[in-house]
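Computed from a predicted model, the values in this text were never measured in an experiment. Per chain, numbering begins at 1; letters A, B, ... match sequence-line order.
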Amino acid sequence: MEPLQSLRGMVDLLPERLGLWQRVEATAREHFRRAAIAEIRTPLLEATELFARGIGEGTDVVGKEMYTFFDRGERSCTLRPEGTASVVRAAIQQRLLAQGPQRLWYGGPMFRYERPQAGRQRQFHQIGVELLGAADPLSDGEAIAIAWDLLADLGVAGLELELNSLGTLDDRVRYRAELVAWLEAHRQQLDPDSQQRITSNPLRVLDSKHPDTQALLAGAPDLQDALCPESHERFRLVRRALEDLGIPFRLNPRLVRGLDYYGHTAFEISSSQLGAQATVCGGGRYDGLVEQLGGPATPAVGWALGMERLVLLLSEAGGDPAAVVPDLYVISRGEAAERQALTLARRVRRAGLIAERDGSGAAFGKQFKRADRSGARWAAVIGESEAAEGVAVLKDLRGEASDDGRRLPFEGLLAVLAQG
RNA sequence: GCGGGCGUAGCCAAGCGGUUAAGGCAGCGGCUUGUGGCGCCGCCACUCGGGGGUUCGAAUCCCCUCGCUCGCCCCA
């Protein structure tokens with residue numbers, strides 16, 4: 001019988017790895033609590049149209065990376081490729097915005113049909129923040145600061161924050177026309193991918209990784225020059241906020257996010273230690289999205305961070321937190337003894353301590369070996385005679401091989417454990 | 001979707017056309033029927049991701065396929 005395998009790009013998270021995940025999640029929760037950001041959970045599956053309308057038909061994510069299928073009712077459904085569209089849809093549908101601005105965070109799996117590589121999977125996990133109704137430029141700084149402080153608190157070193165302003169929709173329309181004209185004029189000198197993007201998504205040509213294209217782009221029209229005075233002023237205030245907060249950043253006029261809903265502030269936090277998929281956290285302002293999805297005009301800013309990439313950085317930096325070590329390892333053999341062992345384990349647990357019971361039925365020697373491996377300080381042994389007397393032999397596993405076993409009733413044993 | 005590299009036991013691996021496919025860790029059994037950590041002894045791949053081919057002979061060469069991996073692309 002051939003064993004079944006997980007689908008390509010779908011990864012199992014094993015206990016040894018999850019210690020680190022849980023640390024990240026707990027830290028994130030705490031940071032969000034302090035920032036008065038509430039959790040929201042939305043379905044993994046949404047109507048395809050939500051993402052098509054929200055993220056943009058012309059984007060790669062929508063164009064070729066979605067897990068889309070028809071359900072039994074012939075509705076087109078899509079496994080969410082990102083979190084923002086769903087959160088905005090929920091806020092609109094549940095009338096949350098009628099109660100005022102919403103500060104929300106979410107976490108969980110996202111799905112994109114891509115070729116897996118380091119830091120990129122088909123099912124991956126994000127934690128994200130959405131500040132709906134956050135109008136002022138300082139909110140951009142606040143959102144970034146929340147991400148920055150979380151990463152710093154987790155102990156991630158060597159991160160770089162890159163910042164850009166995409167201006168208003170009008171700015172971009174104007175700039176796009178300028179850029180397309182320029183690109184057309186230099187079409188012959190562009191790499192094939194970039195040539196294709198002149199029509200599909202011209203702004204994305206800007207952050208092409210092709211060296212020749214990059215060199216050529218030095219002479220291209222600059223998005224910053226196309227920004228209206230209000231956009232400039234807005235961007236100035238965002239930069240000022242970051243300066244006030246002491247968060248270092250680098251301006252990157254080529255930074256263009258791949259999702260259509262971004263405008264004004266766009267940012268990425270990346271690490272040079274991650275290889276090709278270097279972005280740990282990305283986000284920006286999306287003032288038009290709520291309205292575009294049928295809600296009240298609502299300015300908003302947010303970001304998402306990639307759990308796998310973050311965990312990758314943390315495990316390279318330090319390693320996982322230790323596995324759970326039981327306080328007591330309970331060894332038993334024989335039916336009466338096993339029943340007593342279960343009773344004892346439960347009593348220890350109800351007292352707030354960690355008890356692991358060996359249910360293997362193996363020889364005592366074998367069970368002792370496992371008791372040692374578990375790292376437990378104490379082992380309790382229950383055999384036929386102990387079971388008959390209602391006692392257990394308590395052994396200090398850190399002691400020498402001498403016979404230090406004490407026969408104790410369960411209450412006495414608990415008392416010893418309680419003392420450490 | 002396009003390129004490069006790699007698949008030998010649960011894990012780490014040696015072998016790179018010719019006898020029984022090294023070794024280590026883990027596991028199992030024993031020395032030591034109910035007492036661990038150390039040590040010693042023994043066992044643990046009819047078979048080298050799968051399929052086909054070349055050859056007297058294939059883990060070793062070729063083709064296909066699946067998977068992993070690193071890039072491109074894209075993004076978290």
Side-chain angles (χ1 to χ4, degrees), chain A residues 2-3 5-11 55 59-66 81-84 107-128 147 151 191-194 196-197 200-201 204 207-211 255-259 262 266-271 274-283 302-313 329 331-334 337 358 360 362-376 378-387 393-405:
Chain A
E2 278 183 33
Q5 285 191 313
S6 63
L7 260 21
R8 167 165 238 201
M10 306 281 173
V11 179
I55 300 170
T59 61
D60 284 336
V61 170
V62 171
K64 53 189 197 194
E65 295 174 2
M66 294 205 299
E82 60 105 48
T84 302
M110 306 293 164
F111 304 83
R112 291 184 201 171
Y113 195 91
E114 297 183 90
R115 189 91 178 252
Q117 71 184 74
R120 189 171 81 186
Q121 299 163 188
R122 290 184 172 182
Q123 177 177 332
F124 61 104
H125 297 77
Q126 290 185 334
I127 290 182
L151 292 167
D191 62 275
D193 277 338
S194 293
Q196 204 131 55
R197 277 199 211 105
S200 64
N201 203 340
R204 292 217 54 86
D207 61 2
S208 160
K209 280 179 191 149
H210 201 90
L255 176 66
V256 180
R257 318 253 41 243
L259 313 181
Y262 288 113
F267 74 94
E268 280 184 14
I269 300 174
S270 55
S271 165
L274 277 178
Q277 308 300 323
T279 304
V280 180
C281 178
W303 49 258
L305 73 76
M307 281 293 287
E308 281 80 2
R309 292 179 190 179
L310 179 53
V311 167
L312 219 54
L313 282 174
Y329 193 97
I331 291 169
S332 64
R333 211 173 175 194
D358 195 315
S360 67
F364 279 103
K366 184 100 297 191
Q367 295 192 45
F368 258 94
K369 213 169 189 170
R370 278 196 282 265
D372 261 319
R373 293 241 166 122
S374 77
W378 301 99
V381 189
I382 304 177
E384 273 175 46
S385 68
E386 288 82 7
V393 174
L394 182 66
K395 292 203 68 163
D396 182 351
L397 291 171
R398 308 225 183 117
E400 289 309 309
S402 62
D403 191 1
D404 62 339

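Nucleic acid contact for A:Ala304: sugar-phosphate only, since backbone atoms but no base atoms lie under 4.0 Å from a heavy atom of the residue. If you check every strand for non-hydrogen atoms under 4.0 Å, A:Arg204 touches sugar and phosphate atoms only. Contacts of A:Gly383 with the nucleic acid, taken as non-hydrogen atoms under 4.0 Å apart, include base atoms. Within 4.0 Å (heavy atoms only), A:Asp372 reaches at least one base atom of the nucleic acid. Heavy atoms of A:Ile331 sit nowhere under 4.0 angstrom from any nucleic acid atom. Residue A:Ala363 is classed as a sugar-phosphate contact, given heavy-atom separations below 4.0 Å to backbone atoms only. Within the 4.0 angstrom heavy-atom criterion, base atoms lie near A:Val381. Counting non-hydrogen atoms under 4.0 angstrom, A:Thr59 reaches nothing in the nucleic acid.
In this entry the distance linking OH of A:Tyr329 with C1' of B:U35 reads 13 Å, nearest Å. Counting to the nearest Å, the C1' atom of B:C73 and the CG atom of A:Asp60 are 7 Å from each other. Rounded to a whole Å, the CD atom of A:Glu114 is 6 Å from the C1' atom of B:C75. What separates NZ of A:Lys369 from C1' of B:A26 is a distance of 10 Å, to the nearest Å. Distance A:Phe368 CZ to B:U35 C1': 4 Å, rounded to the nearest Å. To the nearest angstrom, P of B:U33 lies 14 Å from CZ of A:Phe364. Summarising the geometry, the separation between CG on A:Leu310 and P on B:A76 is reported as 15 Å, rounded to the nearest angstrom. The nearest whole Å value for the distance from the CD atom in A:Gln367 to the P atom in B:G27 is 15 Å.
The gap from the P atom of B:G36 to that of B:C28 amounts to 15 Å, rounded to the nearest Å. For the C1' atoms, the distance from B:G27 to B:A9 is 11 Å, rounded to whole Å. Atom C1' of B:U55 sits at a distance of 12 Å from the matching atom of B:C62, rounded to the whole Å. Rounded to the nearest Å, the gap between the C1' atom of B:G42 and that of B:U32 is 16 Å. For the P atoms, the distance from B:C63 to B:G3 is 15 Å, rounded to whole Å. Across the C1' atoms, B:A59 and B:G50 are found 14 Å apart, a figure rounded to whole Å. The separation of B:C70 from B:U47, taken at their C1' atoms, amounts to 30 Å, rounded to a whole angstrom. Annotation: B:C6 and B:G24 have their C1' atoms spaced 22 Å apart (nearest Å).
Toward the 5' end of RNA chain B, the nearer of the two residues A:Arg309 and A:Arg370, judged by each one's closest nucleotide, is A:Arg370.
Contact between the side-chain N/O atoms of A:Lys366 and the OP1/OP2 oxygens of B:C28 is found at a separation under 4.0 Å. Put simply, A:Arg373 has a side-chain N or O that comes within less than 4.0 Å of OP1 or OP2 on B:G27.
In this structure, A:Glu268 pairs ionically with A:Arg257, as a charged nitrogen and a carboxylate oxygen lie closer than 4.0 Å.
Here the side chains of A:Val62 and A:Leu259 are not in contact, with every heavy-atom distance at 4.5 Å or above. The shortest distance between side-chain heavy atoms of A:Gln123 and A:His125 falls below 4.5 Å. No side-chain heavy atom of A:Glu82 sits under 4.5 Å from any side-chain heavy atom of A:Val61. Between A:Arg370 and A:Asp358, the closest side-chain pair of non-hydrogen atoms falls below 4.5 Å. A 4.5 Å side-chain heavy-atom check between A:Trp378 and A:Asp396 finds at least one atom pair inside the cut-off. In this structure the side chain of A:Lys64 never reaches within 4.5 angstrom of the side chain of A:Glu114, judged on heavy atoms.
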For nucleotides 68-72 of chain B, tabulate all protein N/O to nucleotide N/O atom pairs closer than 3.5 Å, reporting atom names and distance.
{"from": "B:C68", "atom 1": "OP2", "to": "A:Arg8", "atom 2": "NE", "distance (Å)": "3.0"}
{"from": "B:C70", "atom 1": "OP2", "to": "A:Ala118", "atom 2": "N", "distance (Å)": "2.7"}
{"from": "B:G71", "atom 1": "OP1", "to": "A:Ala276", "atom 2": "N", "distance (Å)": "3.4"}
{"from": "B:G71", "atom 1": "OP2", "to": "A:Gln117", "atom 2": "NE2", "distance (Å)": "3.4"}
{"from": "B:C72", "atom 1": "N4", "to": "A:Arg120", "atom 2": "NH2", "distance (Å)": "3.1"}

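Remark: B:A14 base-pairs with no nucleotide; criterion is Watson-Crick or G-U wobble with both hydrogen-bond distances under 3.5 Å. The partner of B:C2, taking Watson-Crick or G-U wobble pairs whose two distances both stay under 3.5 Å, is B:G71. B:G39: Watson-Crick or G-U partner is B:C31, with both key distances under 3.5 Å.
Contact detail for A:Trp303 and A:Ala147: the closest heavy-atom pair is CE2-CB, 3.5 Å.
Summarising the local packing, OH of A:Tyr113 is surrounded by 12 or fewer heavy atoms from other residues, nucleotides or ligands at distances under 6.0 Å.
Regarding the sugar-base torsion, B:C46 falls in the syn class, its angle being within 90° of 0.
For B:A76, the base is stacked against the aromatic ring of A:Phe124, per a cut-off of 5.5 Å between centres and 30° between planes.
For B:G1, its base never sits under 3.5 Å from the side chain of A:Glu65 at any donor and acceptor pair.
Remark: A:Glu386 pairs with A:Ile382, A:Val391, A:Val393, A:Arg407 by the side chain to side chain contact (heavy atoms under 4.5 Å, CB included) rule, at least two apart or across chains.
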